[in-house]
Each structure stands twice: as C-alpha cells, then as structure tokens.
Amino acid sequence: MADDKKLTTRAADFSEWYNELVLRSQLADYSPVKGSMVIRPNGYGIWERMQRALDDMFKATGHQNAYFPLFIPESFLKKEASHVEGFAPEVAVVTHGGGKKLEEPLIVRPTSETIIYHMFAKWVQSYRDLPILMNQWANVVRWEMRTRLFLRTLEFLWQEGHTAHVTEAEAEEETLKILGIYRSFMDDWMAMPVVTGRKTDSERFAGALRTYSCEAMMQDNKALQAGTSHNLGQNFAKAFDLTFQTESGEMAHAWNTSWGVSTRMIGGLVMTHGDDNGLRIPPRLAPIEIVIVPIWKSDEERGRMTEAAMALKAQLTDWTGRGATDRLRVHVDARDGMKPGAKYYEWELRGVPLRFELGPKDLEKTAVFAARRDTKEKQSLAMEGLPATAAALLERIQADMKEAARARREANSIREPISYDRFKEVMAGEGAFVYAGWNADPAIEARVKEETKATIRCIPDEEFRTPNGPTTCMVTGEPAKHQVIWAKSY
RNA sequence: CGGGGCGUAGCUUAGCCCGGUAGAGCGCCUGCUUCGGGAGCAGGAGGUCGGAGGUUCAAAUCCUCUCGCCCCGACCA
C-alpha cells in the first residue's frame, strides 16, 4: 500500500516488504517494459559508490578499463559449445537494422567473453603481450522469465573483468585474487559478510573450468550469489584462436579468467540490512552519510536554524580528517511545510546512516542531537570536534552493521550433523545455510534440489568450513568427498 | 509457458452482482495557523473508468475480443 505510512513487515511478507522498500525509498521503479527497471538517483548513487570502490581495487591490482560493444555477431556465441548451451535461451537477438533484415543476426551481449577473446586474439602474438588484465563497466541483457527488482531484470549493470595469462597457475591465481577483492568489498564496504567457495559442476558458469562465488545470507535465510569469478581455462582461447608464441618458441593457447558483480548487490544490500522502517545503508556506501534536520517554531527561528544547519554542514564538509578527497557527505533538509518527525521517517526509509537534529536547545548547548539509523540510538554530541566524532561514529556503525549481519548468518546456519529428514523440514520452514557432507554425486545434488528446492551454494573455502565437520554424505551416508553449503537461493 | 490476481485521478481504491450526472483517502497547488517523531483548517487542480468492438434510449457496470501489469511454479547474476 503505497500511501500507508508503514511498510509491510518482513515477518508478514518478506517479498512484499522488499518490493515496497525498493519502490518507496526510490531506489528503482518499474519501467514500461516488463522485467526491466529504472534505477533512480537514490539507487544509482549507491551503485556509483560501489563502482568507485571496486574500480579503485581493480586499478590497484593492475587492471585497466575498456569498453566492448553491446552487439555481438550471433555466430560468436556458438563457437564455445557449453557457452552457447548456457546462454542461448536467454539471449536477445537483433534481426533488423536500418529498416532492413540483417544478413547475420546480432545478439545483445548477455556477457562479453566471446567478443573480448576474439579481440584479444587479434592483439596477442607473444608471451610478452601477456597478461592482459582488463575490465569493463557495462550493461548486459538476459531474457529472464521471472524478474525481481535488482535481483533479476532483463537488463542490468555490472562490471566484467577479462584476463589472459601465460599459465594455468597464473589464471587460477587471478581468479582467486578477484574473489578476494569481491569478498573484502562485500565485507568491508557493504557490511555484508560472505562465504567464498567453489561452485559444483552443475552451478558452474557455462564455459568455465571452475567457478568461485561469494554467497551472502539474506534475512529470509536464503542465499544470494553476489559475485562470481571464473577460471575459464583454455576453453575460450581455443574457440577464438587466442594463441601466443612462448619463450621457447612454441605456439600455445592463453589461459583466461572472467569475473563480475552487478547491480544485484543493491538487492543484497536491501535484504541484508533493511528493517521494517526501511533501508539501512552502510556508511561507506551511503551517498548521504549525515542528514541535518533543522528545527524551528517561528519564522525568525527558521532563518536562524537553517543558517546554523548550513554552517554545521560546512564545518563537517570542510574537515579533511579522512583525507582531502574523502569528505563527509552531508545533506541539510530545510524543507518548509514538513514537520521534523515526517522528515525523520523519510530519511529512515531512505537509509541515511546518521541524522543530526539541530534546534534552538541544541544551539544553546553548542551540540547536535544525533540518531543512528542502524540501532536507533540517540545522543547529544558536542559541536566541538564534531567532524571527528561523526566520522568515528560512522565507522562504528559500519562495523556494527557488519557484525550484526555476520552474527545473524551464523545464528541461522546449521553446522551440526543433520539428517536428511530434518534437512527437509528446515528447508520447508525457516531455511538456513546447512553445512553438510556430500558424496560429490551430481545425481544426489539434483535429487535434493528436486525434493527441497535447496541447492549447493558452494564448496566453502577452508576458513568457512565447520572444523571437524561431517564426514558422511547427508543423503546417502556414504563417505563425504566435500563439505558443502546447502540453501535455497535467489 | 502453466496457475492465480488485477487494470477507475500521481498512489491506494469504492462503485460493477442489480446499466441512469464517476466518489473517497492519501499525495499535489494556494492561503493562514503549525513545526523537538508521520500537522490542522479553508479553498483548489486533477479521470476519454487499459484498448477495440457489440447490446441498449443510456455502459465503469452486460457480452466478445485484445493489450498490459503483478504474484506463484519450470530457467538464471
């Protein structure tokens, strides 16, 4: 109900809560084309901060940005067998242009491996041309049947990294390095702790040797795959003749990796941190970190308080304690005709991490009244040294949000031995991340999916595994080959 | 593509069964009074009732067709 003052609660209907929150906090809106969406400034502002943080990390590890075109010859997709199979059903095809039927249809990229490795093949002759470490920020199109705002839309924004290496070991190292970058971004910027691990064959990217992913737990205990990193082996190099001459003079195929994160992460942010009052944005990703609400009664007071609020904003934004380019991001809400309380609710809905209320009483005390979005805690803060106090508080909020999310995930994870019967009950009910043994048989994986809708999210990396974990397969009782995480997922 | 809902003002909708001048709440505009947790009063703007056809003196309402959207399942970041 768009004009009810309260959101549908998470407990009442998680899915409805999510939709209302996204629409009402103005992160996004439905577009006239079914399954596609408009990302509004509130949402795009978060994406821009995500981009900046990730882009810095890619650059710091030697990657360069480039841009490859949206249209790809249809024949390219068909060159790598498993890749076609994986993507064919969801590819949009352009058959006409300039009023004429095209000789060869063009596909709208669902991902750019084919065009990129085609071009790499043109650019690489020698081992001296390697590695190539490239990234692009782009939109891609996948014709999904079932769509959700941010989580699955026909078109979405992402970055896709593509690299080419001399050796398999180097490609594997790159794949894992990026997985680590994704993980630290999600942990430290999104305050969304993730489990990293390797995908099973059935969940592997079409055309990859190995796929690794970051898996986050949403508040309905379902998993969200938030980022993937693939070791492509020589599959694409062989399909696109990406060869080079080695130091010893022989010809060899390059080893490739590809990796991506998308605007889907914004959906993850919502479902990790949102509450029944709206969004909660971790400070490092918040386009606005602090909103100042001046409070007045008379017109005279209004002028005085607005002026004081602007002065306070200047005090905060002039501060260079976080570095000259990383200023506090502050907004003053001086709108007239709206009561302070109404403003509080609105900024809470929009997820701004910190609110400063500034009225005559505060001014007398040379203080502001501060309210945290995450915990709702309130306290008076002295103007003296306020920028540093605020910055410290924001860091505290960031850390607390991450820890709260991590604690919630662990509280909803099952690491004790579990019977398959009990597992079915859990998946039919509240859901969980279930750490269990698996005999590595794809048929068992398929059967569990069929019977419970849960899938193996990943074979978790060492540090996430349950120590002295299960040694037998949850379903068959046979010796386990892997410890895996089962969960329902988005 | 199957199943289920729904299209009436920017949003949420009443009216439809039983045809007879299209209503409300919220939002928006103007003014006054308000303003430390979702303001009050007064005035005002805004609708070819998703579209096409039909029945009828008369259609939001009945009939036929059509388009679109949302939700639930099979595929996926």
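Each chain gets a letter, A, B and so on, in the order the sequences are listed, and its residues count up from 1.
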Under the 6.0 Å and 45° cation-pi test, does A:Arg355 pair with A:Trp347?
-> no

So does A:Lys339 reach the base of B:G40 with its side chain, donor to acceptor, closer than 3.5 Å?
-> no

Using the C1' atoms only, state how far B:G40 lies from B:C72, rounded to an integer number of Å.
-> 45 Å

Looking across every strand, which nucleic acid part, if any, lies under 4.0 Å from A:Arg355 by heavy atom: base, sugar-phosphate, or nothing?
-> base

Could you measure between the two C1' atoms, the one in B:C6 and the one in B:A60, and give it in whole Å?
-> 15 Å

Round to a whole Å and report the spacing from CZ of A:Arg148 to P of B:G73.
-> 10 Å

Taking atom P in both B:A59 and B:G54, compute the distance separating them and give it to the nearest angstrom.
-> 12 Å

For B:C32, the Watson-Crick or wobble counterpart (both distances under 3.5 Å) = B:G40

Pairwise 5' ranking along RNA chain B for A:Lys297 and A:Ser31, keeping only the more 5' one = A:Lys297

Side chain of A:Ala342 - closest among B:C75, B:G38, B:G36 | B:G38

Between atom OG1 of A:Thr263 and atom CG of A:Leu27, what is the distance when rounded to the nearest 0.5 Å?
-> 11.5 Å

Could you state the CD-P distance from A:Glu346 to B:A39, rounded to the nearest angstrom?
-> 12 Å

Rounded to the nearest 0.5 Å, what's the gap from OG1 on A:Thr257 to CG on A:Leu179? Could you check?
-> 11.5 Å

Integer angstrom distance from the C1' of B:C26 to that of B:C62 | 33 Å

Given A:Asp275, which of A:Arg408, A:Lys6, A:Arg10, A:Arg373 fulfils the salt bridge (charged side-chain N to carboxylate O under 4.0 Å, His left out) condition?
-> A:Arg373

Quick one: label A:Ser262 by what it contacts on the DNA or RNA (base, sugar-phosphate, nothing), any heavy atom closer than 4.0 Å.
-> base

What does A:Leu224 touch in the nucleic acid at a heavy-atom separation under 4.0 angstrom: a base, only the sugar-phosphate, or nothing?
-> nothing

Looking at A:Lys6, does any N or O in its side chain come under 4.0 Å of the phosphate oxygens OP1/OP2 on B:G38?
-> no

Tell me which nucleotide among B:C35, B:G73, B:C72 gets nearest to the side chain of A:Trp296.
-> B:C35

Rounded interatomic separation in angstrom, taking CD from A:Glu20 and C1' from B:C70 = 13 Å

Reckon A:Lys343 has a side-chain N or O less than 4.0 Å from the OP1 or OP2 of B:G36?
-> no

Looking at A:Ser298, does any N or O in its side chain come under 4.0 Å of the phosphate oxygens OP1/OP2 on B:U34?
-> no

Partner of B:C26 under the Watson-Crick or G-U wobble criteria, both distances under 3.5 Å, comes out as B:G10

Counting heavy atoms from C-beta on, name the nucleotide in B:C35, B:A74, B:G37 closest to the side chain of A:Glu348.
-> B:G37

Pick the P atom in B:C18 and in B:U64, then give their distance to the nearest Å.
-> 15 Å

Base-pairing assignment for B:A52 (Watson-Crick or G-U wobble, both under 3.5 Å) = B:U64

Counting side-chain heavy atoms from CB outward, which of B:C35, B:G36, B:G38 is closest to A:Asp336?
-> B:C35

Starting at atom CD of A:Glu300, determine the distance to atom P of B:C35, rounded to an integer number of angstrom.
-> 14 Å

Distance, rounded to the nearest Å, where A:Tyr344 contributes OH and B:G38 contributes P = 10 Å

For the pair made of CZ in A:Arg24 and P in B:G27, what is the distance, rounded to whole Å?
-> 12 Å

Nearest of B:G37, B:G36, B:C71 to any side-chain atom of A:Asn19?
-> B:C71

Send over the distance from A:Met145 CE to B:A74 C1', rounded to a whole Å.
-> 7 Å

Mind checking A:Tyr30 for me? I need base, sugar-phosphate or nothing, with any heavy atom below 4.0 Å counting as a touch.
-> sugar-phosphate

Figure out the CG/C1' separation between A:Asp13 and B:C71, and round it to whole Å.
-> 10 Å

Would you say A:Gln379 has more than 12 foreign heavy atoms packed within less than 6.0 Å of its CD?
-> yes

Touch class at under 4.0 angstrom, heavy-atom based, for A:Lys449 against every strand present | nothing

Please say whether more than 12 non-hydrogen atoms of neighbouring residues, nucleotides or ligands are located less than 6.0 Å from NZ in A:Lys79.
-> yes

Derivation and outcome, side chain to side chain donor-acceptor pair (under 3.5 Å), residues A:Asn277 and A:Glu348 | CA-CA 7 Å; A:Asn277 295 310; A:Glu348 281 167 11; 5.1 Å; no

Whole-angstrom distance between B:G68 and B:G50, as gauged at atom C1' = 7 Å

Touch class at under 4.0 angstrom, heavy-atom based, for A:Ser489 against every strand present = nothing

Which whole number of Å gives the distance between the C1' atom of B:C49 and that of B:G3?
-> 28 Å

Counter-base of B:A45, judged by Watson-Crick or G-U geometry with both distances under 3.5 Å | none

Along RNA chain B (nearest heavy atom to each residue), the more 5'-positioned of A:Tyr490 and A:Pro360 | A:Pro360

Looking at every strand, decide which applies to A:Gln225 at a 4.0 Å heavy-atom threshold: base, sugar-phosphate, or nothing.
-> sugar-phosphate

Has A:Tyr345 got its ring stacked on the base of B:G38, with centres under 5.5 Å and planes less than 30° apart?
-> yes

When A:Phe68, A:Tyr67, A:Trp47 are each screened for ring pair (Phe, Tyr, Trp, His ring centres under 6.0 Å) with A:Trp137, the one that passes is A:Trp47

Just wondering, more than 12 heavy atoms not from A:Trp158 lying within 6.0 Å of its CH2?
-> yes

Given B:C35, B:G73, B:G37, which nucleotide is nearest the side-chain atoms of A:Arg146?
-> B:G73

Using the C1' atom in both, what is the distance from B:G7 to B:G20, to the nearest Å?
-> 25 Å

According to the Watson-Crick and G-U wobble definitions, with both distances under 3.5 Å, which nucleotide is paired to B:C69?
-> B:G5

